[in-house]
Amino acid sequence: TQTILEATELKKYFPMRAGVFSKVRGYVKAVDGVSIKVQSGETFGLVGESGCGKSTLGRLLLRLITPTAGETFFEGTNIYQLNSKKMRDFRRYFQIIFQDPYASLNPKMKIGNIIGEPLIVYNLVSTDQEKKKRVEELLEIVGLSKAHYGRFPHEFSGGQRQRIGIARALTLNPKLVICDEAVSALDVSVQAQILNLLKQLQKDFGLTYIFISHDLSVVKYVSDRVGVMYLGKIVEMGDCNRIYKEPFHPYTKALLSSVPDPNPRMRKEHIVLEGEIPNPLNPPEGCTFHTRCPQAMDICNNIVPQLRMLTNGHWVACHVYD
Ligand code: SF4
Ligand code: MG
């Protein structure tokens with residue numbers, strides 16, 4: 001397998017001020033030293049509670065925002081060092097699908113133009129006829145119909161609108177697609193249809209996915225590997241099935257204990273985490289999870305546990321495994 005995307009020690013700190021012209025009061029460490037490698041053709045799931053930094057990480061990986069520190073390599077090229085013209089060329093290869101496709105679909109534009117716009121922007125078609133042909137193809141690929149070409153976004157259901165969002169993401173034949181809570185706004189039955197569509201498209205077009213969600217069942221359904229985030233850091237990472245079967249990190253254990261297992265013999269004891277997620281402006285010293293961790297020890301109060309590989313491809317940041 002080949003690495004398509006590699007991030008090293010990525011950080012994004014947002015300055016906090018009381019007002020626009022006030023002094024910086026501190027920094028929210030939304031992403032705080034994340035290193036990941038994504039293999040071509042895989043689905044890498046990114047889970048964690050809301051506010052853990054997974055969406056910020058997704059945006060950093062596509063250079064939709066710039067990092068405070070760290071690098072991201074797309075097929076070996078450091079994307080933060082590209083000038084804007086080169087970056088524009090690269091953007092073709094990675095796309096993002098958001099939770100609410102409606103917000104990103106111009107209500108006054110016909111579906112055909114929404115999906116076909118990137119072809120015009122990138123000068124990939126010279127006639128309307130060519131554009132129409134490609135868009136009709138895309139409509140069918142995502143399970144809509146040619147007849148939808150001239151319709152407007154409000155004429156579609158939530159699931160259909162997410163199909164339109166997916167079609168638009170595919171217009172330029174991307175290699176990597178980041179799905180950020182892509183099915184979170186949909187009913188469960190519609191979720192399954194969209195997830196199956198994404199899986200099919202991955203097979204047909206050799207796509208690589210980074211699948212961001214707070215929903216552990218959804219992530220399990222689609223992911224080959226998974227990274228678990230807590231307060232801007234990845235605390236556990238590895239093969240999805242293995243982590244879901246036997247999580248190592250106390251935070252992962254607690255998260256997974258709340259996912260209902262259909263097999264009653266496999267049901268885990270429900271671990272209730274004490275307290276709230278700490279204020280990211282003022283995170284705890286040492287292991288940032290120590291204020292809620294059922295296994296916390298003295299060392300956890302002041303020494304940050306490093307993410308290290310415990311067994312083949314399974315990474316954990318926790319002093320229990322030192
Ligand atoms: Fe818990 Fe300590 Fe491990 Fe952090 S390092 S998860 S506080 S046991
Ligand atoms: Mg988010």
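Numbering of ligands and ligand atoms starts at 1, following listing order. Atom set for the values below is all heavy atoms of this structure, side chains included, hydrogens, waters and symmetry mates excluded.
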Original post:
Does any donor atom in the side chain of D89 or Y122 lie under 3.5 Å from an acceptor atom in the other side chain?
Top reply: no
Original post:
Should you measure from each heavy atom of V320, which atoms of ligand 1 turn up under 4.0 Å away?
Top reply: 8 (S)
Subject >> Proximal atoms of ligand 1 relative to H290 (non-hydrogen, under 4.0 Å) >> reply: 7 (S)
**OP:** Could you tell me whether atom 1 (Fe) of ligand 1 has an N, O or S atom of H249 under 2.8 Å away?
**Re:** no
**OP:** Report the C-alpha distance between H249 and Y230 in whole Å, list the side-chain angles of each, state the deciding distance to 0.1 Å, and finish with yes or no for ring-ring contact (aromatic ring centres under 6.0 Å, His included).
**Re:** CA-CA 11 Å; H249 195 282; Y230 188 77; 8.0 Å; no
**OP:** Around atom 4 (Fe) of ligand 1, find the nearest protein heavy atom and jot down its residue, atom name and distance.
**Re:** C287 SG, 2.3 Å
**OP:** Would you check if atom 4 (Fe) of ligand 1 lies under 2.8 Å from any N, O or S atom of C300?
**Re:** no
**OP:** Report yes or no: does C318 have an N/O/S atom closer than 2.8 Å to atom 2 (Fe) of ligand 1?
**Re:** no
**OP:** Compute whether any side-chain donor of one residue and acceptor of the other, for T66 and Y80, lie under 3.5 angstrom apart.
**Re:** no
Original post:
In ligand 1, which numbered atoms sit nearer than 4.0 Å to a non-hydrogen atom of Q295?
Top reply: 8 (S)
**OP:** Note the single closest protein heavy atom to atom 1 (Fe) of ligand 1, along with its residue, its atom name and the distance in Å.
**Re:** C293 SG, 2.3 Å
Original post:
Does one side chain, of Y209 or D224, offer a donor that lies under 3.5 Å from an acceptor on the other?
Top reply: no
Original post:
With a 4.0 Å cut-off, would you call K132 and E136 a salt bridge?
Top reply: yes
**OP:** Determine, for K54 against D180, whether the closest basic-nitrogen to carboxylate-oxygen distance falls under 4.0 angstrom.
**Re:** no
**OP:** Report, as yes or no, whether the 6.0 Å neighbourhood of atom CD on E49 holds more than 12 heavy atoms from other residues, nucleotides or ligands.
**Re:** yes
Original post:
To which protein heavy atom is atom 5 (S) of ligand 1 closest, and what is the distance rounded to 0.1 Å?
Top reply: H319 N, 3.2 Å
**OP:** Output the list of atoms in ligand 1 that are nearer than 4.0 Å to some heavy atom of F289, sorted by atom number.
**Re:** 6 (S)
